[in-house]
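Each remark here refers to the structure printed beneath this line.
Just follow the structure's listing: the first ligand is 1, and inside any ligand the first atom is 1. Computed from a predicted model, the values in this text were never measured in an experiment.
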Amino acid sequence: MAYVDDFPTDARIVRWNMAVAFLALGVGGLFGMVQALHRTGVFRGFVSSADYYTVLTGHGVLLALVFTTFALAGLFTWGVTRSLDRSLPSPRFSMAWFSLMLVGAITAAVTILGGLVPSMPLSADVLYTFYAPMKAHPLFYIGLTLFIVGSWLAGVDWFRTYWHWRGDNPDERIPLQTFMVLTTMLMWYISSAGVAVEVLFFLLPWSLGLIAEVDPLLTRTLFWYFGHPVVYFWLMPAYFIWYTVLPKLSGGRLFSDPLARVVFVLFLLLSTPVGFHHQYVDPGIPEGFKFIAMTNTMFLLLPSLLTAFTVVASIEHGGRQRGGEGRLGWLRTLPWDEPAFAGCVLAGLMFAAGGFSGMINAGMNINYLVHNTLWVPGHFHLTVGTASALTFMAAGYWLFPQITGNRLRFRTLATIQPYLWFIGMTFMSNAMHRAGLAGIPRRTAEPQYDSVTFQGVVGGVSEMRLQIALGGTLLFVALLLFLIVVFGTWLGGDGTDSLRVNSSIPAPLSGPEHSPKILDNLKLWTAVAIVLIVLAYGLPLSALVADGLFAPGSPPI
Ligand code: HAS
Ligand code: HEM
Ligand code: CU
């Protein structure tokens, strides 16, 4: 039986969330290609340089916020119901949070894109980081608020399902997928409180004209308090797939369930007290607290390094189960023509590179070299733009047959798609990193460098820009292939093929019984997380507000 037969109402929630996610991905990806072409200096016909920032805001918001969160909501709904083997308690409540998120996302998107239509009084050219001093139309902040409240309610839905299950199973360990969902959501509640305060107490009243000024440094600090953990909100659903689905796709089992739990607990503890690593160049924040953030960031590498070990060990186990031998021979027996597998593994490979550029970002001194250059988009197109995005697409290949009851269509397109994405991203991200080292800024429609000539291109700035444009175009083509496959599967099938999907997930090699029960004590970990945040943020934040909540600047501590 496929998931859609066992959980028809939940399958609908999963389908709708995934569909919205992938539509946002399509539109956002188109904007991305426009940006990549515009920045060559040659292919500028699509938007004017003034409109570039509207498009860039649309790209960031639709991809980094809308696509990721809806994909997470789809995957987590599937994971909770599957692993607890029970439906979400109330379909109406589930539709309510989904609708709230959707209305919020559409409101924000319309406000941004309204900026492209001169006769519309809307605009929100504030980029996806939206801190002051840039100001958007109030509707943008209202849309964001609805969206975030919707995501909170989604978490309530998953927690409620878990509590019902707990009532029937008082002594059992939390199933791994649900454990991952709950820890991720706890981290989300703690961190998104920062952005909620920023929007509700400062940006929205300011945009409505209720207060005259805000402290830009305070809004930036509140944003980055949220802005680092949000990157793990994008990553943890990808890890959720790498830990619980990828081993099976490889032909084996998860190497260690306890290690996976440790990783998610570490993310809950350490994701938030690191936000200052986005503010190394901000004046008004004492160096010592930046240093603490750097140290915490280096500790935060640990869960990802543990993941690299556990996930690769699980894949190796799969390869050996399939008959692979020798030190590297197991690599050859892996199912490279299976799009869900290839997508996850290629995403993992790119993430290894993205992780290394992240370590470079995190060093306080070397950050001064790369900050605000194209190096940074190079970094995050490997992380959120591939580790998360390509994994969500790969999960789509595996899940759409299960949530629609239809066999995957256009298999050949699906098979080449992850490779095309990988090649496109190799061009784009590598060139972005190089361009950043050459000092080319990010977030500009007018990078002040020589315009492209087709002679003498190799080795210079022009070559990097061309590679970005070439990579961006390949990525967009890959995106179109993906959309054809998933929407073709959903809309083009007749629902008779569901039995062709083997959706079972085998037990891990080392199960939860090999770990202490304290790992499942979510209250304890949440309390420790809050203590760490108070230590990292207490003093600098109190100094920022000491001279008045709305006054710019701060006295020295
Ligand atoms: Fe980052 C800026 C530091 C991870 C996203 N980051 C950004 C921005 C975004 C972003 C969007 O310290 C820009 C924000 C803006 O607009 O200004 N980042 C880090 C560090 C990590 C890191 C230390 N970032 C992420 C993830 C993201 C993300 C994850 C999204 C999903 N980042 C920074 C810093 C900045 C920054 C500074 C500020 C820069 C500036 O100056 O503005 C670490 O978490 C990375 C750890 C990762 C690893 C890699 C482990 C490898 C694995 C691969 C396993 C392999 C497999 C394949 C499965 C250590 C897990 C197997 C294959 C076989 C064939 C077997
Ligand atoms: C920024 C291209 C996919 C997230 C950019 C920029 C380019 C670009 C050229 C830099 C613009 C600038 O700094 O002036 C593309 C292309 C894509 C793609 C061609 C694929 C078709 C993605 C995906 C995500 C993503 C899948 C996330 C899931 C972002 C974010 C920014 C960005 C957050 C920063 C926006 C800002 O600075 O405010 N993209 N991108 N992109 N991209 Fe992408
Ligand atoms: Cu960060």
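- Taking the ring pair (Phe, Tyr, Trp, His ring centres under 6.0 Å) definition, one finds that Phe202 meets it with Phe550, sequence neighbours left out.
- Checked by atom type, the side-chain pair Trp242/Thr391 shows a donor-acceptor distance below 3.5 Å.
- At least one heavy atom of Val311 sits less than 4.0 Å from an atom of ligand 1.
- In terms of protein heavy-atom proximity, atom 9 (C) of ligand 2 is nearest to Met432 CE, 3.6 Å.
- Using a 4.0 angstrom heavy-atom cutoff, Trp224 counts as in contact with ligand 1.
- Shortest non-hydrogen contact noted between Met298 and Ala362 is CE-CB, 3.8 Å.
- At least one heavy atom of Tyr128 sits closer than 4.0 Å to an atom of ligand 1.
- Shortest contact from atom 21 (C) of ligand 1 to any protein heavy atom: Tyr232 OH, 3.8 Å.
- Here Glu463 pairs with Arg434 in a salt bridge; the nearest charged N to carboxylate O distance falls below 4.0 Å.
- With ligand atoms numbered from 1 in the order given, ligand 2 contributes 11 (C), 12 (C), 14 (O) to contacts under 4.0 Å with heavy atoms of Tyr52.
- Between Tyr239 and Phe351, the two ring planes are perpendicular [angle over 60°; tilted spans 30° to 60°].
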Donor-acceptor list for residues 21-38 side chains, cut-off 3.5 Å, not counting sequence neighbours:
unit_1 : atom_1 : unit_2 : atom_2 : d
His38  : NE2    : Ser49  : OG     : 3.1

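- Across all non-hydrogen atoms, the minimal contact from Glu198 to Thr219 is OE2-O, 3.4 Å.
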Does the pair Ile285 and Phe276 meet the rule for a side chain to side chain contact (heavy atoms under 4.5 Å, CB included), with working shown?
CA-CA 8 Å; Ile285 295 163; Phe276 288 136; 3.8 Å; yes

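- Taking a cut-off of under 4.0 Å to the non-hydrogen atoms of Leu301, the atoms of ligand 1 that pass are 23 (C), 43 (C), 46 (C).
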Test ring-ring contact (aromatic ring centres under 6.0 Å, His included) on Phe67 and Trp234 and set out the steps.
CA-CA 10 Å; Phe67 158 60; Trp234 309 328; 10.0 Å; no

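- The proximity of Trp375 to ligand 1, defined as any non-hydrogen pair under 4.0 Å, does not occur for either the backbone or the side chain.
- Between His228 and Val274 the shortest heavy-atom distance is CD2-CG2, 3.2 Å.
- Atom 45 (C) of ligand 1 has Gly355 CA, 3.7 Å as its closest protein atom, hydrogens excluded (heavy atom only).
- Using a 4.0 Å cut-off between heavy atoms, Val312 contacts ligand 1 through its side chain alone, with no backbone atom that close.
- When non-hydrogen atoms are compared, ligand 1 lies under 4.0 Å from the side chain of Asn367 (C-beta onward) but not from its backbone.
- For ligand 2, the atoms lying closer than 4.0 Å to a non-hydrogen atom of Arg39 are 12 (C), 13 (O), 14 (O).
- In terms of protein heavy-atom proximity, atom 28 (C) of ligand 1 is closest to Thr383 OG1, 3.3 Å.
- Of all protein heavy atoms, the one closest to atom 3 (C) of ligand 1 is Gly358 O, 3.4 Å.
- Protein atoms of type N, O or S found under 2.8 Å from the Cu ion (ligand 3) total 3.
- Atom 38 (O) of ligand 2 has Arg443 NH2, 2.9 Å as its closest protein atom, hydrogens excluded (heavy atom only).
- Of the heavy atoms in Arg442, only side-chain atoms (C-beta onward) come closer than 4.0 Å to ligand 1.
- Atom 2 (C) of ligand 1 has its closest protein heavy atom at His278 CE1, 3.4 Å.
- Close N/O approach between Phe351 and ligand 1 is not found [any backbone or side-chain N/O within under 3.5 Å].
- Taking the six-membered ring where the residue is Trp, the centroids of His379 and His433 are separated by 6.0 Å or more.
- For atom 55 (C) of ligand 1, the nearest protein heavy atom (residue, atom name, distance) is Gly348 O, 3.6 Å.
- The tally of protein N/O/S atoms under 2.8 Å from atom 43 (Fe) of ligand 2 stands at 2.
- Here is the list of ligand 2 atoms found below 4.0 Å of a heavy atom in Met33: 19 (C).
- Looking at His381, His371, Arg443 and measuring to atom 42 (O) of ligand 1, the nearest heavy atom belongs to His371.
- The CD1 atom of Ile292 sits 15.0 Å away from the NE2 atom of His277 when rounded to the nearest 0.5 Å.
- For atom 64 (C) of ligand 1, the closest non-hydrogen atom on the protein side is Val345 CG1, 3.6 Å.
- When all heavy atoms of Ala536 and Phe289 are compared, the pair lying nearest together is O-CD2, 3.5 Å.
- Residues Asp125 and Thr57 have side chains that never bring a donor and an acceptor to within less than 3.5 angstrom of each other.
- Atom 10 (C) of ligand 1 has as its closest protein heavy atom Phe380 CB, 3.6 Å.
- Ion pairing between a basic and an acidic side chain is recognised when a charged N comes within 4.0 Å of a carboxylate O; Glu446 and Arg44 show such pairing.
- Residue contacts with ligand 1: Met294 is excluded, as none of its non-hydrogen atoms falls under 4.0 Å.
- Aromatic ring orientation, Phe130 versus Phe223: perpendicular (interplanar angle above 60°, classes split at 30° and 60°).
- Scanning both residues, Ile112 and Thr54, for their nearest heavy atoms gives O-CG2, 3.2 Å.
- Under a 4.0 Å criterion applied to the non-hydrogen atoms of Thr444, ligand 2 contributes the atoms 14 (O).
- Contacts of His379 with ligand 1, taken as heavy-atom pairs under 4.0 Å, involve the side chain alone.
- Within the 4.0 Å heavy-atom criterion, neither part of Trp234 lies near ligand 2.
- Residue nearest to atom 46 (C) of ligand 1, selected from Ser304, Gly319, Gly275: Ser304 (by heavy-atom distance).
- The residue Tyr280 has no part lying near ligand 1, judged by heavy-atom distances below 4.0 Å.
- Open room surrounds CZ on Phe255; 12 or fewer heavy atoms of other groups in view lie less than 6.0 Å from it.
- Counting heavy atoms closer than 4.0 Å to ligand 1, residue Val231 contributes atoms from both its backbone and its side chain.
- Residue Leu334 does not touch ligand 1, judged by heavy-atom distances below 4.0 Å.
- Counting protein heavy atoms only, atom 20 (C) of ligand 2 is closest to Leu475 CB, 3.6 Å.
- Atoms of ligand 2 lying under 4.0 Å from any heavy atom of Gly29, numbered from 1 in the order shown and given with element: 21 (C).
- The aromatic rings of Phe341 and Trp336 lie perpendicular to each other, with more than 60° between the two planes, well past the 30° mark.
- Across all non-hydrogen atoms, the minimal contact from Ser192 to Ile148 is CB-CG2, 4.4 Å.
- Short contacts between ligand 2 and Gly472, defined as distances under 4.0 Å to a heavy atom of the residue, involve ligand atoms 19 (C).
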